[in-house]
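A quick write-up on the structure given underneath.
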Amino acid sequence: MTSMIIQINVDAMLAEAADRIRLHNKKTVESVLSIGRELLAVKEVIPHCDSQL
């Protein structure tokens, strides 16, 4: 009986960790997309330069 309780606790812990990881992943994707939009907006307003940096 004790091992079944431990297994249920482990299963719950793993499910909660998976949920947190998915949330972090979603936030990361949203951040990357947001950064990309910001870079594109900045690119539109800065003068283009033919010289190499």
Side-chain angles (χ1 to χ4, degrees):
M1 185 65 136
T2 303
S3 64
M4 188 166 76
I5 293 171
I6 292 171
Q7 185 60 45
I8 291 170
N9 289 341
V10 169
D11 291 346
M13 183 186 79
L14 293 174
E16 290 169 5
D19 288 342
R20 287 191 301 275
I21 291 166
R22 285 187 200 97
L23 180 60
H24 286 301
N25 186 53
K26 181 180 181 200
K27 288 179 180 180
T28 299
V29 169
E30 291 170 352
S31 292
V32 168
L33 294 174
S34 179
I35 291 167
R37 285 189 292 271
E38 293 287 344
L39 289 170
L40 289 172
V42 168
K43 183 179 174 184
E44 290 295 318
V45 298
I46 60 173
H48 290 73
C49 181
D50 290 333
S51 66
Q52 295 186 5
L53 299 176

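Keep in mind that what you see is a predicted model, and the values were worked out from it rather than measured.
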_Separation of Asp11 CG from Ile6 CD1 (nearest 0.5 Å)_ = 12.0 Å

Could you list the donor-acceptor pairs under 3.5 angstrom formed between side-chain atoms of residues 16-32 and any protein atom two or more places apart in sequence or on another chain?
{"from": "Asp19", "atom 1": "OD1", "to": "Arg22", "atom 2": "NH1", "distance (Å)": "3.1"}
{"from": "Thr28", "atom 1": "OG1", "to": "His24", "atom 2": "O", "distance (Å)": "2.9"}
{"from": "Ser31", "atom 1": "OG", "to": "Lys27", "atom 2": "O", "distance (Å)": "3.0"}

_Spatial distance of atom CD1 (Ile35) from atom CD (Glu38) [nearest 0.5 Å]_ = 9.0 Å

